[in-house]
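Handing you a structure now.
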Amino acid sequence: MELVLAGLVGFLVAGGAYLMMSGQLIRFLFGLVLLSNAANLAIFAAGRLTYATPPFVLSGQAAPAAGVANALPQALILTAIVIGFGLLAFALALAFRAWQALGTTEMDAMRACEPVNLTVGKKDEIGLDGPQAYARKEREAAE
Amino acid sequence: MKLLIQIYGIVNLAIYFLYELFVSSLRVAWDVLTPDMKARPTFIVMPLDAKTDVELMLTANIISLTPGTLSIDLNADRTELLIHSMFGADNPDGEIAAMKQGIERRVLRATRGVNL
Amino acid sequence: MNSTILKTATRVLLPIFLIASVLILLRGHNQPGGGFIGGLMAVIGVALYAIASSVDEARKRLIVDPLVLAGIGLACSVLGGLWGAANGGAFLEGVWPFYEYVPGEGAKGWPIGSVLLFDAGVYLTVLGAVCAILFALEEAVYTDKEGRS
Amino acid sequence: MSLADWIAAILLVGGGFFAFIASLGVVRMQDVYIRMHASTKAGTLGVGMIAAAVAMTASGEGVVKEIAIILFLLFTAPIGAHLIARAAFQSRVPVFTAGEAESAQESFLCENQAEAAPPSPAE
Amino acid sequence: MPRPLTLLPAVLSALAANWFAGFIPQIAAGQALTWSRPWIPGAGIEFAFLLDGLSLLFALMVTGIGAIIFLYSAVYFKGHPKLTMLLILLSLFAISMLGLVLADDAITLFVFWEGTTITSFLLVGFDHEKEKARDNALQALIVTGLGGLALLAGLILLGAEMGTFRLSEMNAQGELIKASALYLPILILVFLGAFTKSAQFPFHFWLPGAMAAPTPVSAYLHSATMVKAGIYLLARLTPALGGTEVWFWTLTIVGAVTMVWTSILALKQTDLKLMLAYTTVMALGALTMFLGGGTRYAAMSVAVFLVVHALYKAALFLTVGLIDKGTGSREVNQLGGLARAMPVTMVIAMLAALSMAGFPPFIGFIGKELIYEASLGVVTEPLFVATAALLANANMVAAAGLVAVAPFFGKQCQTPKPPADPTPWLWIGPGLLAVLGLTFGVMPSLIDSSIVTPVVQSIIPGEEPVELKIWHGVNLPLMLSLLTFGLGFALFYGRGQIRSSLQSDNFTGGLDANGTYFLWLKAFKSFAAWTARTVQGGQMTVYLRTAFVVLGLLIWGAHLASRDVFEAPTEFPDLIPLTISALIAVSAAVVLRTASRLYGLTALGVVGAGVAILFVFYSAIDVAITQLLVEMLVVLILAVALVKLPKMPREVNFRAGDAVIASALGLGVAFVLASVTSKPFDPRITEFFNAASYPEAFGRNVVNVILVDFRALDTLGEVAVVLIAAISAVAALTAGKRALATKRGGNK
Amino acid sequence: MIETLSEVLLETRQQGPLAVAVMFAFVMVTAALVMTTYRLLKGPTLPDRVVALDLISILLVAILTLFALSSQVETYLDAALVLALVAFLGTVALARFILRTGRSYAQFNPSERED
Amino acid sequence: MSSGMLLVWPIALPMVTAVLTLVLRRSPTGNSVSLVGAVALLAAGVALLRHVLEFGPISAQMGSWAAPFGITLFADILSAAMVVIAGIVAVAVVIYSRQDVTEDERGVGFHALSHSLLVGVCGAFLTGDVFNLYVWFEVMLIASFGLLVIGGRRDQMDAAVKYVGLNLIATLAFLTGVGILYGAAGTLNMADLHLTLADRQNETAVLAAAAMLLFAFGAKAAMFPVFAWLPASYHTPAFATSALFAALLTKVGVYALLRVFTIVFDGSGGFLQPILLIGAVLTMVVGVLGAAAQNDVRRILSFHIISQIGYMVLGLALFTPLAIIGAIFYLFHHIIVKANLFFVAGVIRWKAGSEELDKIGGLLKASPLLAVLFLIPALSLAGVPPLSGFWAKFIIVQASLEARDWWVALAALAVGLITLFSMTKIWLAAFWKEHPDAEPAGMPVAPRSMIWPIATLAVMTVIIGIGAGPLYATAEEAAVTLLDPLAYVEVVLGSEAVAEARAAEQKDLQIAEVAQ
Ligand code: NA
Ligand code: NA
């Protein structure tokens, strides 16, 4: 089964990377979720799999039965899942605000922080930030 | 007395409900497994006697879990319930009456402790 | 979401979730559960409530600003850690004033101590932090330019 | 095999059957409302029976948990169905109809202005 | 009368000069004084100083001429708003220069060396409102900075080869380095440092540009002291590095070419100051050339010429300053017949110029005679050296005429200001220098054994120089001197014609070092811009691809580098977990392909749920529960945010390149995982946790005990992450909404 | 037969008829899961997908419960219970998503792909 | 309380401060609490450093669970000194932020986020456990996310998308790498990993884990070619934030490289060593070329961070004792100088109204003091003696020359010159050139809360430069644990474990000899 998981992790990694490279904010987030799952599964598999024997000390005993599953990677994954959730939540909030601010979800069209022509050094305020941002600027100028 | 009626109402409602759920599942099974579709689904609107939030919720929920009907929504002033009915196209009024008798009455008895 | 049915349901569900979450927190040391899972359960209860009613209602229910709640949670965890140190041990060392392990019989007494404080801190932090995110996101998304929701 | 085990086995078979039926309904039926009939009723019953089966063989605490599961599903399944149906209704999902459904739908929609937000400018 | 406080640097400098002069007897007696303190003991670097003949001469020049320059500057810039800054910078320079010539530790020397570079930069750009001044300052900085870096490398290597950074110790064991394989690289590096600093060909071009500095600064830095740092360095290291063929040929040829070439360029100039600048380079060339020679006369000519040049050139620069101040112009063509209006200035100019032209009885004559003596004494190519010297000296005569004769005699010209002699505060300094030039010429014994001999002995240890005399009888050098005067006069009288022919455009062709510098600068700038555009073009997809490619390559590199053999397990997995895995994969594939937000969202939900089921099957119950809860929340927040996010544009094209990158990465990771799980596992950590969980940590749920006890610090950090994520997300969602469209606010 | 099933499908710790019943239920529920996933991916409308997702979460509760029985590890019931409690949230969130996007299927053509 | 708490305070104190400033984020008291917290952190760092200097490296086991089971915190001179420097930067940033950070930015938690960042930074410096290191990296990362977006302007949003996007990839690589490493070695404790990995089992997994960690740390350190997040973002937030980032974030990456690639992977990442070397040189060169092409003060400075990171990584890549000393010295010096330059950039912005070179000028006339305060860190950055940067560059160049890596030395020197060039670019434009439309006399006076931190750091730069001897000695001592991993292991796992390891080593040698 470890081999299956290895393949699955590889597939999730590939899929996540492909989605992220699309340069589209929502696909990027989807890719991020896939990669997080892949990382968790990777830790899980690397800690070796044990079928249906959770690491609990049963009542009346002082230690878990022999052959229980490896508890440490579980604890690590738990930590990783929660951290991953925090990161994802922030990334999502950011994506939302970036869309509001920049008027595009195409990362390549987000050029507010990096000028188009580095040699000239003039910041390109309009034109490359997508039609919405342009329209908003126009509106603000009118107000 | 009221309390007794209420307890009786709750038990009655629970048994009725489980029975209906079982029957409705069988009905679904029949419909799913038989290749041709005999049902003539439609939307029907049921006027409500239930008033409080809990009454409304229970009525709607139980209607959803009983055969052939599925609660969709309350109207704005909470006097009507929109229902999707699998077999009510032929006789919507009969269906409504059955629901009011079978379900709403039991719910109100359970919540208000009054025989209606 | 303007549904009487859902609103009514969440009024019942919120206490169920909160009680369940606290049980999960308390049982966590011996059964599946713990601060995270408990905290997340509580969050889901609050989230349901917020969806059915409104974020403002949910904020009122929480009483404390969720971020402050999370801060208090983190402070609890740190205190739980320092308790061990103050007790003459290391940072994050477990202190169980009313609990001891009897070989052959198992643990006896009240399982209350620094570790529980730590885990309760985890619970509160998760609850506060995730609620804060949810509320802020909800308000940002469903607030128009003039600030109305 | 105790009697409890036998009952459990029967419940399991029934539960598996209804769970399967529920999904078959969701796959096979004509429109979203009819599919929802299947998933809500058969699904809830199927899972409920499986839970009951486990309750038959479980320890005391397990029984409590199973009952909790059953009650909870019975409570939430119809509410979930209500929410989905409502959303489907307000977004005018096509209906497999016997005739007057359209008009009922229209009138109800007119009475109860959909809470649906106007399409956001982005879309 | 300038403000008293502005005279403070002059006074201090004079006191310092006096203090150094007090060492003359000791040094003349053959002593060398050292002083050192450990600086960075670990690296063998000391704060070490040495006072011997060579450093004493330089120290005297720095402080003595320094005193005159400080006085002159204080008066020259009286009332100028930047006078304080000028004096501070000049003082810093003087300190750096003094440190440079006194240092006995290579790194200490370098520290001060760079100090002169930086202070020079700031002084050249003194008139920084002018773009030209800024450009020239930058040029000076870049060229000397370049040399400085080469020098640093050279000194480090030298130190490594010699096992010490002490210059005196290096000089004592020169054979060691000359036998080393690194001798040549070290030599090249040191030469680069010296040549750039002393403006030797082909790095001569920055010095005229540096004349953008105020005149007293030019007199001090770019004539009397700083530009001689390169010469000083070569002289200082002669015992260690000198005496080889490479040394001789490089210094001789570079010196000679510089000398001749810049002396011709000097004639081309119409700005008196620029003309002096070129003659300075010429003089530096001569010094370089003779340092290559390595003979007694060569060393003597270096020593004497250092003194000669310091005296007359500083005097002339300051005189030009006086002319500039008095008339408002430095242009040869605009000046003439000033003798009547500026008699004192004229006298000083004449005295200095005569020394420059090498007329007896000025010290310049002795210097020139020594030069010819040394040229003829060169072992290998005396004719070449002598011819070069002759040409250069003749040009020097002509240049002297241009500075001291042309402006004061002949037709009176209209100048921007009515000409007049300046206040004595200004002319006393240059006057003193000019008079000294005459005094030393008449009485060479004043500097002979006291100054010159110790310098020669610093350059060639143990060498006994001959006595300095103004009259050696009729010999070949005297003949050459006469020839020089003749040629010089001819050049002076034909100056107009020569200048116009020199100024024709095609003259510099191919040797336009200044143009080359700007060409390179431009090329460098566009290369930098190209690099910046390429690596930081602002396109996120490029950044992302780069990241994934790098990660993939690294992982595949690990595979290729590893000698592990992979053994596939034989066991076939159970069908239901396999089905769940397939379900996850299919859902992930759906996420890949869909253009629908909700479709992707629900498919992600299935992926998460599927993973949770796998966790359940393989005993990770707490993980499974957490995964389910988190998945639910993820769906919730995505559903909230996606409502307002726009539709995903449908991907029109399959991105084959990206697919290759992604697949390679995925395969790489999969193989790693397959490899690691095929090997036996060392469970000792977990075994400890299992054993201690209940008896020691009172918990039956081992995973939970790990989280809250065994590895509670992880959990603490993780909880902090959650809290911070919340603060950050809330900040992102609520912060400065009004600021969205603006940039960082203006002045507050 | 039980051994084979247990070997091929999923190892169970039950014996006899109960084991058979467990296996049967497992197969049925897994099959249901796969079929429902088909509906989830097929759509065609958003509400269709949400219905599918709702059913999937219920089926997952079933799987967890079954697994607790099959493996005789009662703690798995906790997972089932938690999922039963929270699965509802997903449905609520998605139903609301449908409402909020304001998508109208009035002129919907099932062959058209949605977003 | 034991001496182990010395290791805990640098993590716990900023955590507590973060909580307090979070609660007080809308109250003016928050500022003072923040300052007190920063000073407390500095004090904790100093106490730790003094202890380490006196008694040598120390370690503490969290929860008293013995290594390698519980989490180890470890401090040698390197980590303790890094904590002290982080404390210095913290105090400076908090003071500087008083005027630089707006009311709005404070209201959403500037101070809480800054101290959270410090939690992560100090945690990363002190931990002796790779997974724990991952956690602290995350703490630092997510706090930096918040600080980056806190102003809410559109260029910040763009910057944050790039910063977050690229850093998340690195972070996932880190996590996966740690997982693989655990799968291969069965342990997470760095000292234990050193012993476990010595027997070269599971080579693929170990190398791949090393590769993933190199990628993660390299990206965090902004190495070529995965540095794009840095120049895209560092010029957008508040100046105090820029300074905090510039001082600490990339340096944590470098620190992690230094630590993990000496202790865990034993100084020889195998095939990674040449990659590290080439990467370091390209980082230096490309970074400085990028800087030379910029026309915006903070963008110039940002590219310089990259370039300077190259020097530090070069120290590790050369892996000679001298080179490691150089890397450490560079690390110390660069934090102070880089923070200061970003502070100065803020004052330039304050007075001249812009950061773009062609829109500013006249500052030498307006404030000669500022000119001096700029020149000190700027020249130090360019490696002009006797400032701190000179010694840093000197040691690295010396190390590469002694290693006979001529082209590396050439690159290091050339980069120094180009650095000087781009620093003069700022000098020429901001200080020498006249302002296009403002009179020097009319420029606003910079508040003292901005000047004091700059002046203090400048004085430190000069002191470190002129008095480089003690710092050099410190770096030399700090290199000891990096160069001799068993010294590290001994502190964490005790001398018995080390004796066993040495015996095993001997045995291997004997076997090898017999085989021959
Ligand atoms: Na110069
Ligand atoms: Na940084």
Side-chain angles (χ1 to χ4, degrees), chain C residues 24 27-37 39-41 43-44 47 51 66-67 70-71 73-74 77-78 80-81 84 91-94 96 99-101 103 106-107 111 113-116 118-119 121-122 124-126 128-142 145 147, chain E residues 616 620-633 636-645 693-735 737 740:
Chain C
I24 286 172
R27 287 162 33 103
H29 215 44
N30 296 316
Q31 297 288 318
F36 285 132
I37 296 177
L40 289 172
M41 281 292 293
V43 168
I44 287 177
I51 291 174
L67 273 183
L74 185 60
S77 291
V78 174
F91 186 62
L92 291 168
E93 186 165 335
W96 305 90
Y99 209 45
E100 58 179 343
Y101 182 80
S114 67
V115 171
L116 186 65
F118 181 87
D119 218 9
V122 173
L124 287 178
T125 312
V126 170
V130 181
C131 281
I133 295 172
L134 281 178
F135 293 171
L137 190 64
E138 185 80 17
E139 283 165 345
V141 169
Y142 293 124
K145 285 204 176 64
Chain E
V616 166
I621 179 153
D622 281 86
V623 178
I625 296 175
T626 311
Q627 167 89 4
L628 286 169
L629 291 172
V630 164
E631 205 56 43
M632 211 50 83
L633 286 169
L636 174 64
I637 61 173
L638 279 172
V640 172
L642 288 185
V643 167
K644 283 289 174 72
L645 283 173
S693 178
Y694 192 47
E696 292 180 46
F698 306 144
R700 295 175 179 277
N701 179 353
V702 183
V703 175
N704 185 268
V705 174
I706 293 176
L707 284 173
V708 298
D709 202 337
F710 295 134
R711 293 185 65 91
L713 191 63
D714 279 348
T715 309
L716 187 62
E718 170 202 353
V719 173
V721 169
V722 176
L723 171 60
I724 304 162
I727 302 175
S728 299
V730 173
L733 290 166
T734 60
K737 284 195 173 176
L740 262 186

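Letters A, B, ... mirror the listed sequences (proteins, then strands); counts begin at 1. The analysis underlying the following values was restricted to heavy atoms, covering all of them including side chains, and did not include hydrogens, waters or symmetry mates.
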Worksheet item: What orientation do E:Phe698 and C:Tyr101 show, parallel under 30°, tilted 30 to 60°, or perpendicular over 60°?
Response: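 Plane angle under 30°, so parallel.
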Practice prompt. Compare every heavy atom of C:Val141 with every heavy atom of E:Val640, then report the nearest pair and how far apart it is.
Written response: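 Nearest heavy atoms, E:Val640 then C:Val141: O-CG1, 3.5 Å.
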Item to complete: Drop me the distance from E:Ile625's CD1 to C:Ile24's CD1, to the nearest 0.5 angstrom.
Response: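 These two atoms lie 7.0 Å from each other.
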Fill in: Exercise: identify the closest heavy-atom pair between E:Thr715 and C:Val122
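Looking at all heavy atoms of both residues, the shortest contact is CG2-CG2, 4.0 Å.
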Fill in: Contacting moiety of C:Ile51, where chain E heavy atoms sit under 4.5 Å
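Just the side chain, heavy atoms under 4.5 Å.
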Worksheet item: Out of curiosity, C:Arg27 CZ to E:Arg700 CZ, how far, rounded to the nearest 0.5 Å?
Response: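 The distance works out to 12.5 Å.
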Discussion item. At a heavy-atom distance under 4.5 Å, which candidate from C:Asp119, C:Val43, C:Val126 has the highest pair count against chain E?
Written reply: C:Asp119
Worksheet item: Given that the side chain runs from C-beta out, which part of E:Leu723 has a heavy atom under 4.5 Å from chain C: side chain, backbone, both or neither?
Response: both
Worksheet item: Closest heavy-atom contact between C:Ile133 and E:Leu733?
Response: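 C:Ile133 and E:Leu733 have their closest heavy atoms at O-CD1, 4.5 Å.
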Worksheet entry | E:Leu628, part contacting chain C, at a heavy-atom distance under 4.5 Å |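 No part of it gets close to chain C.
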Practice prompt. Identify the heavy atoms of C:Gly33 and E:Asp622 that sit nearest to each other, and give their distance.
Written response: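 Nearest heavy atoms, C:Gly33 then E:Asp622: N-OD2, 2.9 Å.
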Worksheet entry | Which portion of C:Phe135 sits near chain E, non-hydrogen atoms under 4.5 angstrom |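 Contact with chain E is absent: no heavy atom of C:Phe135 under 4.5 Å.
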Discussion item. Heavy-atom pairs under 4.5 Å with chain E - which of C:Ala136, C:Pro32, C:Ala129 has more of them than the others?
Written reply: C:Pro32
Worksheet entry | side-chain contact (heavy atoms from CB on, under 4.5 Å) between C:Leu74 and E:Val722, worked out | CA-CA 10 Å; C:Leu74 185 60; E:Val722 176; over 6 Å; no
Discussion item. Quick check against the 3.5 Å criterion: does C:Asn30 have a side-chain atom that pairs as donor or acceptor with the backbone of E:Asn701?
Written reply: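 Checked: no pair found.
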Worksheet item: Where on C:Phe36 is there a heavy atom nearer than 4.5 Å to chain E: the side chain, the backbone, both, or neither?
Response: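 The answer is the side chain of C:Phe36.
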Worksheet entry | Toward chain C, the part of E:Leu713 with a non-hydrogen atom under 4.5 Å | both
Discussion item. Can you tell me how far apart NZ (E:Lys644) and CG (C:Leu137) are? Round to the nearest 0.5 Å.
Written reply: 11.0 Å
Fill in: Backbone N/O of E:Ala697 and side chain of C:His29: donor-acceptor pair under 3.5 Å
yes
Fill in: Under 4.5 Å from any heavy atom of chain C - which part of E:Ile727
both
Practice prompt. Give, for atom CD1 of E:Ile637 and atom CD of C:Glu138, the distance between the pair rounded to the nearest 0.5 Å.
Written response: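 That separation rounds to 11.5 Å.
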Discussion item. Is E:Glu718 in contact with chain C via its backbone, its side chain, both, or neither, using a 4.5 Å heavy-atom distance?
Written reply: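 For E:Glu718, the contact with chain C is made by the side chain alone.
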Worksheet item: Is any side-chain heavy atom of E:Val719 less than 4.5 Å from a side-chain heavy atom of C:Phe118?
Response: no
Worksheet item: What part of E:Leu636 gets closer than 4.5 Å to chain C, counting heavy atoms only: side chain, backbone, both or neither?
Response: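 For E:Leu636, the contact with chain C is made by the side chain alone.
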